[in-house]
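To start, the structure itself, in structure tokens.
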Amino acid sequence: MIKRVHMTAGVVLAAVIAMSGCGATKPDNATSSPQSASTASSGSTAGAPSAGSGSPTGEDGGTQRSTPTPSPSAATRPLKDGTAVLTHCADADDPYTTVVVRNPNEREGTFGVKINYKDAHGFTMSETYEQVLVAAKGKARIRSAVASSGPLDEIDRCEVNPRATAVR
């Protein structure tokens with residue numbers, strides 16, 4: 001009977017602490033539960049918090065809670081942008097523009113590359129946007145067909161943004 005009284009008193013005390021705002025530093029996703037009867041009968045002293053109760057008291061008698069801050073893992077950190085290098089501009093012999101994309105990250109990612117097709121006067125005739133999946137610390141090749149970008153014989157040069165934007 002005494003163990004039940006102490007357990008009930010503990011539940012009431014927890015409710016009073018929560019209502020008084022002392023538990024306001026507790027994160028939203030944290031949960032707590034009252035000490036079970038089997039834990040109470042395992043030799044813990046009546047009225048003293050057990051090691052698993054989650055409510056140690058400090059020297060001033062107040063309740064202290066420590067919540068460790070998790071460090072972001074490599075999977076949750078945003079990807080750094082990669083690099084893009086033009087290796088071949090489309091011509092009559094090979095109507096594809098080739099770009100090599102490098103991934104500086106520790107995990108694979110998808111990167112976007114914008115290619116501009118310019119005529120002899122520097123006018124942008126058209127542009128394409130391609131995405132490619134690149135392995136961690138790896139590189140991948142994009143071959144973009146120019147057939148839909150206008151007359152192949154009018155393309156004087158191709159320009160590629162050296163930054164391959166991390167998409168996901």
| For the residue pair A84 and V99, what are the closest heavy atoms and their distance? | CB-CG1, 3.9 Å
| said: Would you say that V146 contacts I155 through its side chain, given a criterion of any heavy-atom pair below 4.5 Å between the two side chains? | reply: yes
| field | pair I115-S144: side-chain heavy atoms closer than 4.5 Å | value | yes
| field | Heavy-atom check, side chain of V113 versus side chain of V160, under 4.5 Å | value | yes
| remark: Residue pairs passing the salt bridge (Lys or Arg N to Asp or Glu O under 4.0 Å) test with at least one member in residues 82-97, sequence neighbours excluded, are D94-R143
| query | Which atom pair, heavy atoms only, marks the closest approach of V134 to A140? | reply | CG2-CB, 3.8 Å
| task | List the atom of M125, the atom of D119, and the distance in Å for their closest heavy-atom pair. | result | SD-CB, 3.7 Å
| note | Those residues at least two apart in sequence (or on a different chain) that pass salt bridge (charged side-chain N to carboxylate O under 4.0 Å, His left out) with K114 are E127
| Pairs satisfying disulfide bond (SG atoms under 2.5 Å apart), at least one member in residues 78-125, at least two apart | C89-C158
| query | Do the non-hydrogen side-chain atoms of T165 and F111 ever get within less than 4.5 Å of each other? | reply | no
| What residue pairs, at least two apart or across chains, pass salt bridge (Lys or Arg N to Asp or Glu O under 4.0 Å) with a residue in residues 156-168? | D81-R163, K118-E159, R157-E159
| query | Is there a side-chain contact between T98 and R141, using heavy atoms and a 4.5 Å cut-off? | reply | yes
| said: If the condition is side-chain contact (heavy atoms from CB on, under 4.5 Å), which residues does K139 pass it with, not counting sequence neighbours? | reply: V100, R102
| said: If the condition is side-chain contact (heavy atoms from CB on, under 4.5 Å), which residues does V167 pass it with, not counting sequence neighbours? | reply: T110, Y129, Q131
| message | Quick one, I142 with V101, criterion side-chain contact (heavy atoms from CB on, under 4.5 Å). Give me CA distance, side-chain angles, the key distance, then yes/no. | response | CA-CA 8 Å; I142 295 174; V101 178; 3.8 Å; yes
| Is there a donor-acceptor pair under 3.5 Å between the side chain of N105 and the backbone N or O of R107? | no
| Nearest-0.5 Å distance that lies between atom CG in N116 and atom OG1 in T97 | 10.5 Å
| field | Main-chain N/O of P104 paired with K137 side-chain donor or acceptor, under 3.5 Å | value | yes
